[in-house]
Engineer: 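So that we are looking at the same thing, I have put the structure below in C-alpha cells.
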Amino acid sequence: MVRLTDDIFNTYIRKTGTVNPYFSEYCDGKTVSCPGLKQWGTVTLAQQGRSPLSILQYYYGDDIEIVRTSNIASIPESYPGSPVRQGDRGSSVFTLQRQLNRITKDYPFFGTLEADGIFGSQMAGTVQRFQRQFNLTADGVVGRQTWYKISYIYVSVKDLAELTSEGETASGILSDGSWGGTTLRTGSRGSAVEQLQFWLNTISQYVSAIPSVTVDGRFGSGTEAAVRAFQRRFGLEADGVVGEATWNAIYAQFFSIQSDNGTPNAYPGTALRQGDEGQNVRLVQFWLKIARTVYTALNNPTVDGRFGPSTQRAVEAFQRYFGLTADGVVGRTTWNKLREVYTDIANDLLAESLRPGEFPGVLRRGSSGRAVRELQYYLYLMHSYDTSIPTVTIDGVYGASTEAAVRAFQRLAGLTVDGVAGRSTWENLYAQANRLRLSGPVITVNRMPYPGAPLSLGSSGDAVLYYTVMLSRIAYYYDTVSSPGILSAYTEGVETGTRSLQQLLGLPVTGAVDDDTWEAAEGLGLALLTGALEPGAAPLPQPEED
C-alpha cells in the first residue's frame, strides 16, 4: 500500500486575519492546468519587476500575505515527539480531536468526539477505525505515522482552495454546519451571524443574484438582503429570516460550492443509505431538492441530515429518472450524477425537459438559450484542460467566439470542422468534459532545474531545500536511504543521505549532488509522488535471469 510522504514546508499564503492557508497551484497550463498561477502569466509579471508577493496578490487579491511557521501548513501542531494514547490530556489531544471530527464529516462511521482534550476510550475507538480505513496498525495509539496521516487527511478533506476555505478562525473553532437552535434576523449578533455571513459571501462569488456582505457578526440590512436573495434563488420563503430550513440550505450550498467550475466534490468513500446521518446526507438532500426545481417529477425531501424513508424514495426517484439502478443507495455513480445535475442547475444550464448531456438539437451561430449555455459550459471546462480551445463567455448566445471554440474542439476530436454543434460534436464534447470533471484532482509540482553547479558541504539556498525535499521523500520509502530532514543548508547529514541515495541508484558515491544525481533523485521522487513507481520497488531495471 502506498505510504504518504511527510514533506513539511514552513511557508504558505493566507488571507490577512485568518489562520488557514490558501491552496495555490502552479501549472504549466499545457500538460496540466488548474485555477491557480499559469507559467506564462507569472513569467511576464516577474519580468515586469514584480516581487513574489506582488505576483501572488495579482492572482489572489491584495489581502494575501506570506507567512512562515514552524508547523505543518494548516495544521496547528507538529508531531509532539512521543505517541499520544488513551489517558493523555492536553493540546495535542485537542488538536487530534478537532481534526478527526472534521474528517468524520466525510467518514461518518468514525464517530464524532467531544473536543475536550482528554484521550478516552471513545477516542481510542475512533483512532482505530481511522487506522483500519487508511491501512495503518489499528492499535488506537497515535504514533508519528498515524499523526501525520490524520494531518494529511484533515488538510485533504478541507479542500484548501480560495473559495472553499472554511472560515477557520484564530480560535480554532470550525463550524460543522449544525443548526444552533436560534433564529437569526435583523438585529442579531454573534459568531453564528459571522458564520452565516461567511457562507453567504462565498456563495455570492458563484451566484451573482446574491450580494456580498461584510463579515462582521452583525445582522444588518445588507445581510438581510443577501438572505432574501438566497431564499428567492433557492425556492424558500423570502422573509430575510434565517430559521433552520434556511440555515441548512445555506450551509449545504456552501458545502457543495466546490462542485462549481468542474471541480469534483469528493465522494465520501462509502455509500450512503437509509439510517445514515450527517453532512453528506444533508448535501445529498440539498442536491435532490435543487434537482426538483427543474425536474418536477422528482421528490422534494427535507434537508435535515437524516437518511430516512422519504430520502430513500427521493433517491430512488432520481435514479429511475436518470437511468441508474433504483436501489435507494447513494454510491459513487449516484453521487456523481447528483453533483452533475446540481452543478448544471446552479449554472442555469438545463431546461425542464432535458437531462445533462442530452442532445438538444443542432446548435449553430445565431442560436441562443439554455442549450447554448450548456454547450458553452462544456467548452469552458475543456478550455481549462486544453488551452488550444479558446475561452468562451457562458451567456447563452452562439456568437463568433463560441463558434471558434466549437471549431477548435472539432479539430482536437478529429470531427468535421464546421463550427456547428450537431449530435456527434455535442456527444463527443459532453463525454470529454464529463470525463475530465469526474477525473479527480491533478497532481501538480513546482519543479526546479539543476542549479548549474554541484551541491556539496557548505551549499545553501532554495536548491538545497528542493533537493532535501526529494531526498526525504525517497528516504521515506527506501530504508537504505537516510535523510536529515528538509533543510536549506547542505550539512554532513545531507551528504550522508546523498551517498546512500547514490548507492541505491548505482551512481558514483561522491556525496555531492551533480546533475546526474539531481535528475535521478527528481525522477525517482516524482515517480513515487504520482504513483508511477510502487514504493519499495527497485528504482532501477533489474537484469534478466539467464
Side-chain angles (χ1 to χ4, degrees), residues 1-6 20 71-72 74-159 166 168 171-180 251 255 266-285 304-308 311 329-332 335:
M1 177 57 64
V2 176
R3 294 182 298 172
L4 298 172
T5 307
D6 298 328
N20 48 326
N71 298 326
I72 299 176
S74 85
I75 297 170
E77 291 188 33
S78 295
Y79 180 62
S82 59
V84 184
R85 63 184 76 239
Q86 188 169 338
D88 289 343
R89 296 169 177 253
S91 61
S92 294
V93 176
F94 176 79
T95 296
L96 289 169
Q97 288 169 332
R98 189 164 61 82
Q99 292 176 0
L100 286 167
N101 279 345
R102 177 56 186 86
I103 295 168
T104 295
K105 291 169 65 177
D106 291 83
Y107 297 88
F109 63 91
F110 287 171
T112 302
L113 301 169
E114 182 181 356
D116 57 3
I118 302 172
F119 198 133
S121 58
Q122 182 184 1
M123 182 173 175
T126 295
V127 170
Q128 286 177 322
R129 287 187 286 275
F130 176 93
Q131 291 168 324
R132 282 193 292 269
Q133 176 69 22
F134 294 103
N135 299 290
L136 304 170
T137 302
D139 55 8
V141 176
V142 182
R144 181 181 297 275
Q145 188 176 20
T146 298
W147 178 282
Y148 284 122
K149 186 66 140 181
I150 290 172
S151 298
Y152 177 87
I153 299 301
Y154 169 71
V155 172
S156 298
V157 299
K158 282 187 67 177
D159 191 18
E166 296 181 336
E168 184 174 355
S171 65
I173 303 301
L174 183 65
S175 172
D176 64 357
S178 298
W179 165 244
Y251 177 75
F255 186 71
Y267 174 62
T270 56
L272 302 174
R273 62 187 75 240
Q274 188 168 339
D276 288 340
E277 297 186 5
Q279 298 301 336
N280 288 318
V281 175
R282 179 176 289 152
L283 179 58
V284 165
Q285 292 167 330
D304 60 6
R306 294 187 290 272
F307 200 130
T311 299
V329 176
V330 182
R332 187 181 299 276
W335 177 280

Engineer: Looking at residues at least two apart in the chain, or sitting in another chain, which of them share a side-chain contact (heavy atoms from CB on, under 4.5 Å) with Thr112?
Structural biologist: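 In terms of side-chain contact (heavy atoms from CB on, under 4.5 Å), with neighbours along the sequence ignored, Thr112 is linked to Asn101, Thr104.
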Engineer: Tell me the closest heavy-atom pair linking Val281 and Phe307, and the distance in Å.
Structural biologist: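 Taking Val281 first and Phe307 second, the nearest heavy atoms are CG1-N, 3.6 Å.
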Engineer: To the nearest 0.5 Å, what is the distance between OG1 (Thr126) and CZ (Arg129)?
Structural biologist: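 The OG1 atom of Thr126 sits 4.5 Å away from the CZ atom of Arg129.
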Engineer: Got a sec, which residues hit salt bridge (Lys or Arg N to Asp or Glu O under 4.0 Å) with Arg306, two or more places apart in sequence or on another chain?
Structural biologist: Asp304
Engineer: Measure across Leu272 and Trp335 and return the closest heavy-atom pair with its distance rounded to 0.1 Å.
Structural biologist: CD1-CZ3, 4.0 Å
Engineer: Count the heavy atoms belonging to other residues, nucleotides or ligands that lie under 6.0 Å from CZ of Arg89, then report whether that count exceeds 12.
Structural biologist: no
Engineer: So which atom in Ala271 and which in Gly331 form the shortest heavy-atom distance, rounded to 0.1 Å?
Structural biologist: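 It is CB-CA, 4.1 Å.
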Engineer: Could you pull out all residues at least two apart from Gln131 that satisfy side-chain contact (heavy atoms from CB on, under 4.5 Å)?
Structural biologist: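 Partners of Gln131 under the side-chain contact (heavy atoms from CB on, under 4.5 Å) test: Val127, Gln128, Leu136, Ala138, Asp139, Thr146.
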Engineer: Under the ring pair (Phe, Tyr, Trp, His ring centres under 6.0 Å) rule, collect the residues that match up with Phe130, sequence neighbours excluded.
Structural biologist: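 Phe110, Phe134.
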Engineer: Check side-chain contact (heavy atoms from CB on, under 4.5 Å) between Glu114 and all other residues, then give those that pass, not counting sequence neighbours.
Structural biologist: Asp116
Engineer: Closest heavy-atom contact between Ala124 and Gln86?
Structural biologist: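 Reported closest heavy-atom pair: CB-OE1, 3.7 Å.
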Engineer: Who are the side-chain contact (heavy atoms from CB on, under 4.5 Å) partners of Gln122, not counting sequence neighbours?
Structural biologist: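 side-chain contact (heavy atoms from CB on, under 4.5 Å) check on Gln122 returns Leu113.
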Engineer: Between Gln97 and Ile118, is there a donor-acceptor pair closer than 3.5 Å when you use the side chain of the first and the backbone of the second?
Structural biologist: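 It does hold such a pair.
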